[in-house]
**Student:** 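Here you go, one structure.
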Amino acid sequence: MEAGETAEEAAVRETEEETGLVVRAVAPLGERVHPKTRRLMSYIACEVVSGTPHLADAEELAELAWVTHPELPGYVPYGLFGPGQEYLDDSLRG
């Protein structure tokens with residue numbers, strides 16, 4: 001987060017900078033210390049407003065992939081943040 005920026009504003013900015021997608025923050029999901037990076041992370045649910053996804057920042061991201069709900073665990077072997085997983089489960093199982 002940049003000085004004076006909310007977690008929601010940071011999520012919107014970072015998403016566009018890293019993926020080229022313009023998103024709208026929907027709901028805060030919580031915070032935790034990330035198990036791999038040990039950084040304090042704020043999790044924000046967002047909806048895509050516009051843009052075409054692409055790897056916009058190769059220093060921050062190794063790859064960008066659209067995956068199905070059942071494929072998610074293969075991309076995050078240490079598990080997703082509980083509230084984030086619950087949000088995705090509720091949203092993607094429709």
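Each residue takes its place number in the sequence, starting with 1.
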**Student:** Under the 4.5 Å side-chain heavy-atom rule for ILVMFWY, direct or indirect, which residues accompany Val49?
**Tutor:** Val22
**Student:** Any chain of hydrophobic side-chain contacts (each under 4.5 Å) joining Leu92 to Tyr75?
**Tutor:** yes
**Student:** Looking at Leu29 and Gly84, what are the two nearest heavy atoms and their distance?
**Tutor:** CD1-CA, 3.9 Å
**Student:** Any donor-acceptor pair under 3.5 Å linking the side chain of Glu9 with the backbone of Thr6?
**Tutor:** yes
**Student:** Starting at CD of Glu8, measure out to CZ of Arg13 and round the result to the nearest 0.5 Å.
**Tutor:** 13.0 Å
**Student:** Looking only at non-hydrogen atoms, find the nearest pair between Glu5 and Met1 and report the distance.
**Tutor:** O-CE, 3.1 Å
**Student:** Give me each pair satisfying side chain to side chain donor-acceptor pair (under 3.5 Å) with a member in residues 44-56, each pair once, sequence neighbours excluded.
**Tutor:** Arg24-Glu47
**Student:** So, does Gln85 use its side chain to make a donor-acceptor pair with the main chain of Gly82 at under 3.5 Å?
**Tutor:** no
**Student:** According to the salt bridge (Lys or Arg N to Asp or Glu O under 4.0 Å) rule, which pairs have a member within residues 72-87, sequence neighbours left out?
**Tutor:** none
**Student:** Going by atom type alone, with no hydrogens or angles, which donor-acceptor pairs under 3.5 Å involve a side-chain atom of residues 57-73 and a protein atom two or more places apart or on another chain?
**Tutor:**
from, atom 1, to, atom 2, distance (Å)
Asp57, OD1, Glu59, N, 3.1
Asp57, OD1, Glu60, N, 3.3
Thr68, OG1, Glu71, OE1, 3.1
His69, NE2, Asp89, OD1, 2.7
Glu71, OE1, Thr68, N, 2.7

**Student:** If you compare all heavy atoms of Ser42 against all heavy atoms of Ala7, which two are closest, and at what distance to 0.1 Å?
**Tutor:** CB-CB, 3.9 Å
**Student:** Kindly give the heavy-atom pair with the smallest separation between Ile44 and Pro28, and that separation in Å.
**Tutor:** CD1-CA, 3.9 Å
**Student:** Any chain of hydrophobic side-chain contacts (each under 4.5 Å) joining Val48 to Val26?
**Tutor:** no
**Student:** According to ring pair (Phe, Tyr, Trp, His ring centres under 6.0 Å), does anything in residues 5-51 pair up with another residue at least two apart or in another chain? List the pairs.
**Tutor:** His34-Tyr78, Tyr43-Phe81
**Student:** Are side-chain heavy atoms of Met41 and Val33 found at a separation under 4.5 Å?
**Tutor:** no
**Student:** Only counting residues at least two apart or in another chain, list the ones meeting ring-ring contact (aromatic ring centres under 6.0 Å, His included) with Tyr87.
**Tutor:** none
